[in-house]
Amino acid sequence: MSTLEQIRQRPILIISILGLALLLFILTAVDRPGELFTDNHTVVKVDGEKIDYMEFQKRVEQQQEQLQQRGYTNVDAAQVQEYVLQQLVNETLLKKEFDRLGLTVTDKELSEAMLGATPLPYVNQMVQSMGVPSASLLYDAAYNPSQNGLDPQQAQAFQNAWTALERDTEQMLLQQKFLSLFQGTLTANKLDAKALFDENATTSTIAYARKDFSSLKEEDFPVSAEELKAAYKDEKNRFRLAEPQYLLNYISVDIKPSTEDLSAARKEVEDAVNGLRVNPGTDAVSGNGKFYVNRVSSTAEKMAPALRNAVTGMAVDSVAMVAFVDNQYTIAKLLDVTTSVDSVLLDFAFINENMAADSIMGLLNTGAKAGDLAEAVVQHQDSVWVSLLAPGMAPMMKEEITNAETGRYFTPVNNNGNAGMAMRIRSRKAPVQVYDVAEITYDVVPSTATINKLNSDLRAYITTNNTAATFVSEGTKSGYQPLVATVTPSSLTVNGLSDSRGAAKWALSAKKGSVSNIYTDDRDSRLLVVALTDVYEGDYEPISSERVNSYLTRRIRNRKMAEKLIADYQGKGKTVAEYATAMDTKVDTTNVTFGQSYVRNFPMYESNLIANVSVAKPGEVTGPIALNNSVVVFDVTKVDNSGRTFDFENDAMVFNQREGASSFERNLPAVLLGKKKIDNRIQNFYSDRQ
């Protein structure tokens, strides 16, 4: 039989061989063949729904841009990532619910909410926080950059801001639709509103005697393992986990100047002050990089209070020590005092670059209003006060405005790159006294010797105490204070400490009981060491957890204490005063309203007291009854029903806020998460210091 004939008779075998050969070729051709069979683009899975890393990273960058636009320039990247990740998780949960309910937002609805006659307040707030007067101007700047004199990089930033705002607005509209569905079901009817009114319409005055559990010794009320197990079984759902938890103890050491560092710095600053007094200007510190000189030209009213108090009344060329705060010295030297115009009232108009600027200027200066020249003037703003002493005011621009004619539009030569800008001076404020001050700061920083000692001391400690148990037990003896924290795969910091991602990430793969190396933050201002004390990976936080064990032990012990005190004092009096004598306490009074969560003189949420008062008969002694941390005997001495009359609209509104849609909204993410699982992989995408 020929070879060809044999191949024809065994097609399945041949196809299998070819497929295997192709697979081997692919595996040898790629650098990391394992990635062909793994999901390496998912940053987190929420109930099986994947969130892609690229979408996550894009949102992180947008959030960072927004923070920078609002003036936040030193935000920890890990905190931004953690915030964005939680947003995406919540949005994913909401989207699943929106899809289930068939909720959508049309283009018309979104456009009306952002660019309509009355945009959403959130839209206006966000746009104005970016320094843009309206959403329409933000959209125009983003998608018509040439008409606004913007370069491509500026336009891209505005486009990113618009996209983020559009997404957030759509989510807000969906949430409004979603919550409106509950306003028809989780809303007060007449019975609900009347019940709430009745709960708050009557106030009872009680005389009471109370005995606290603290009067008993805890060791007299042991809690057995069997009791803990039974209580845990009853309250297990209270301790449900959405993802694994890693329990840490950590030591954080601030890198601060030592006493020797502070003494040396004080001497250097005193020498600088003496030098400034005898040398012209700031020559005495110009060659010393430890001193930073900031020239301030300002009226007294606009200075920082400490600087103003030091400068006013000083003679020119005199020097004063202004402050020493947070290891920073501030020195002031008064260089000159002059008289100048501080502020001017301006009109601005930005002329379309495709129009003849001279003709438009002529129209403006012959009475035409900028608002009436819609095609020629792309943007205008009238009556804007501008300070000529503002730090961002360029000297040449200041000179042009100072010398310009009042009442006529002109095109400034030094216009900071604002093409087509014209301005008109309406008026100038009267000249004021202007102080020219050299504000000199000196930061006291830890010396190399101080940093080395802090490092060596901490390293010696963790070398000796290299288990979680001794790391904690020996801390106080060695001058350290081990603190407690919990991290999860979602955590990008340890207890919110900046630049602590490395320590959090270490915990996720560390061996229980081990101690980490020393981590520093990006500013070298802190040393951090963590010890992994326990890991909870099941569906519930275990009974061995200190938090769970402590909570259940307290509940069981308090119940036993209450039973003991009730047995001791039951029937020991016919009046509250007699009970008070038996309890070795005094009679006190307070007011109780059924609808309140706090009763004066008692801890929060004493529901058993409120419930018993609501059904007690005036003049009859009730108790002793168990409260959260005490037992109490009381007598209703007065019932006040003289409150307001029933108002359905008002009481229905209060009901909805407490128990209706508004209350539901506050807990919405937790409700939607329920028993769903979160598989967080974010730590796989970042190094320790990113």
Visitor: If you look at every heavy atom in Ile351 and Ala357, which pair is closest and at what distance?
Guide: CD1-O, 4.1 Å
Visitor: I would like to know whether Met126 and Leu138 meet side-chain contact (heavy atoms from CB on, under 4.5 Å); could you show each step before the answer?
Guide: CA-CA 11 Å; Met126 294 303 297; Leu138 174 62; over 6 Å; no
Visitor: May I ask you to decide if Ala503's main-chain N or O and Ser500's side chain share a donor-acceptor pair within less than 3.5 Å?
Guide: no
Visitor: For Trp385, does its backbone N or O pair with a side-chain atom of Ser343 as donor and acceptor, under 3.5 Å?
Guide: no
Visitor: Looking at NZ of Lys398 and OG of Ser297, how far apart are the two atoms once the value is rounded to the nearest 0.5 Å?
Guide: 5.0 Å
Visitor: Given side-chain contact (heavy atoms from CB on, under 4.5 Å), test Asn274 with Val278 step by step and report yes or no.
Guide: CA-CA 7 Å; Asn274 292 331; Val278 298; over 6 Å; no
Visitor: Are more than 12 heavy atoms from other residues, nucleotides or ligands located less than 6.0 Å from atom OH of Tyr139?
Guide: no
Visitor: Measure the spacing between OG1 of Thr169 and CG of Leu110 and express it to the nearest 0.5 Å.
Guide: 6.5 Å
Visitor: Taking C-beta and beyond as the side chain, do Thr493 and Arg501 meet within less than 4.5 Å on heavy atoms?
Guide: no
Visitor: Looking at Val377, is its backbone amide N or carbonyl O close enough to the side chain of Asn352 to form a donor-acceptor pair, meaning the two atoms are under 3.5 Å apart?
Guide: no
Visitor: With heavy-atom distances below 4.5 Å as the criterion, would you say the side chains of Gln63 and Arg59 are in contact?
Guide: no
Visitor: Looking at Met321, I'd like to know if its CE atom is crowded, meaning that more than 12 non-hydrogen atoms belonging to other residues, nucleotides or ligands lie closer than 6.0 Å.
Guide: yes
Visitor: Look only at the side chain of Thr312 and the backbone of Arg308, and say whether a donor-acceptor pair between them is shorter than 3.5 Å.
Guide: yes
Visitor: Is it true that a side-chain atom of Arg426 and a backbone atom of Leu345 form a donor plus acceptor pair closer than 3.5 Å?
Guide: no
Visitor: Are Ile401 and Leu388 close enough that some pair of their side-chain heavy atoms sits under 4.5 Å apart?
Guide: yes
Visitor: Nearest heavy-atom pair of Met314 and Leu334: which atoms, and what distance?
Guide: O-CD2, 3.4 Å
Visitor: How about His380 and Asp347: do any of their side-chain heavy atoms sit closer than 4.5 Å?
Guide: no
Visitor: Might you confirm whether atom CG of Asp254 has over 12 heavy atoms from other residues, nucleotides or ligands at distances under 6.0 Å?
Guide: yes
Visitor: Between Asn279 (side chain) and Ala284 (backbone), is there a donor-acceptor pair under 3.5 Å?
Guide: no
Visitor: Just so I know, are the side chains of Asp52 and Val43 near enough to count as touching, which here means a heavy-atom distance under 4.5 Å?
Guide: no
Visitor: Establish, from distance only, whether the side-chain atoms of Gln79 and Tyr83 form a donor-acceptor pair under 3.5 Å.
Guide: no
Visitor: Are more than 12 heavy atoms, taken from residues, nucleotides or ligands other than Met604, located less than 6.0 Å from that residue's CE atom?
Guide: yes
Visitor: In terms of the angle between their ring planes, are Tyr53 and Phe56 parallel, tilted or perpendicular, with boundaries placed at 30° and 60°?
Guide: tilted
Visitor: What's the separation between atom CD in Gln171 and atom CG in Leu94, rounded to the nearest 0.5 Å?
Guide: 6.5 Å
Visitor: Can you spot which of Phe291, Phe324, Tyr292 makes a ring pair (Phe, Tyr, Trp, His ring centres under 6.0 Å) with Tyr329?
Guide: Phe324
Visitor: If you count the non-hydrogen atoms of other residues, nucleotides and ligands that lie under 6.0 Å from CG in Asp326, is the total more than 12?
Guide: no
Visitor: Looking at Arg526 and Ser252, what are the two nearest heavy atoms and their distance?
Guide: CD-OG, 3.0 Å
Visitor: Roughly how far, to the nearest 0.5 Å, is the OG1 atom of Thr338 from the OH atom of Tyr435?
Guide: 10.5 Å
Visitor: Are the side chains of Ile331 and Val269 in touch, meaning some heavy atoms are under 4.5 Å apart?
Guide: yes
Visitor: Has Lys290 got a side-chain atom pairing as donor or acceptor with Tyr442's backbone, closer than 3.5 angstrom?
Guide: no
Visitor: Quick check: does any side chain N or O of Ser263 sit under 3.5 Å from a backbone N or O of Thr259, one acting as donor and the other as acceptor?
Guide: no
Visitor: For the pair Ile440 and Thr330, evaluate side-chain contact (heavy atoms from CB on, under 4.5 Å) and give the outcome as yes or no after the intermediate values.
Guide: CA-CA 6 Å; Ile440 305 161; Thr330 303; over 6 Å; no
Visitor: Are Gln175 and Met172 side-chain neighbours, meaning at least one heavy-atom pair lies under 4.5 Å?
Guide: no
Visitor: I'd like to know if the side chain of Ser387 pairs up with that of Asp342 as donor and acceptor (distance under 3.5 Å, no hydrogens or angles considered).
Guide: yes
Visitor: Walk me through it: do Asn160 and Glu61 pass the test side chain to side chain donor-acceptor pair (under 3.5 Å)?
Guide: CA-CA 9 Å; Asn160 291 341; Glu61 292 170 358; over 6 Å; no
Visitor: Any ion pair linking Glu270 and Lys267 (charged N to carboxylate O, less than 4.0 Å)?
Guide: no
Visitor: Could you report the tightest heavy-atom contact between Tyr250 and Val484, atom names first, then the distance?
Guide: CE2-O, 3.8 Å
Visitor: Considering non-hydrogen atoms only, spot the tightest contact between Val89 and Ile51 and give its length.
Guide: N-CD1, 4.1 Å
Visitor: Would you find a donor on one side and an acceptor on the other, under 3.5 Å apart, between the side chain of Asn309 and the backbone of Pro305?
Guide: yes
Visitor: Within this structure, what is the NZ-CG distance for the pair Lys369 and Leu363, rounded to the nearest 0.5 Å?
Guide: 14.5 Å
Visitor: Does this structure show an ion pair linking Glu260 with Lys453, if we count only N-O contacts that are shorter than 4.0 Å?
Guide: no
Visitor: For Asn144, is there any backbone N or O sitting under 3.5 Å from a side-chain donor or acceptor partner on Asp140?
Guide: no
Visitor: Are more than 12 heavy atoms from other residues, nucleotides or ligands located less than 6.0 Å from atom CD of Glu55?
Guide: yes
Visitor: Going by heavy atoms in the side chains, are Leu454 and Ile255 under 4.5 Å from each other?
Guide: yes
Visitor: Run Leu165 and Tyr122 through side-chain contact (heavy atoms from CB on, under 4.5 Å) and show every step you take.
Guide: CA-CA 9 Å; Leu165 181 60; Tyr122 169 79; 3.9 Å; yes
Visitor: Write down the atom of Pro412, the atom of Met423, and the distance for their closest heavy-atom approach.
Guide: CG-CE, 4.0 Å
Visitor: If you draw a 6.0 Å radius around CD in Glu399, do more than 12 non-hydrogen atoms from other residues or ligands fall strictly inside?
Guide: no
Visitor: Is atom NZ of Lys302 surrounded by more than 12 heavy atoms (other residues, nucleotides or ligands) closer than 6.0 Å?
Guide: yes
Visitor: Nearest 0.5 angstrom please: Asp261 CG to Arg266 CZ, how far?
Guide: 11.5 Å
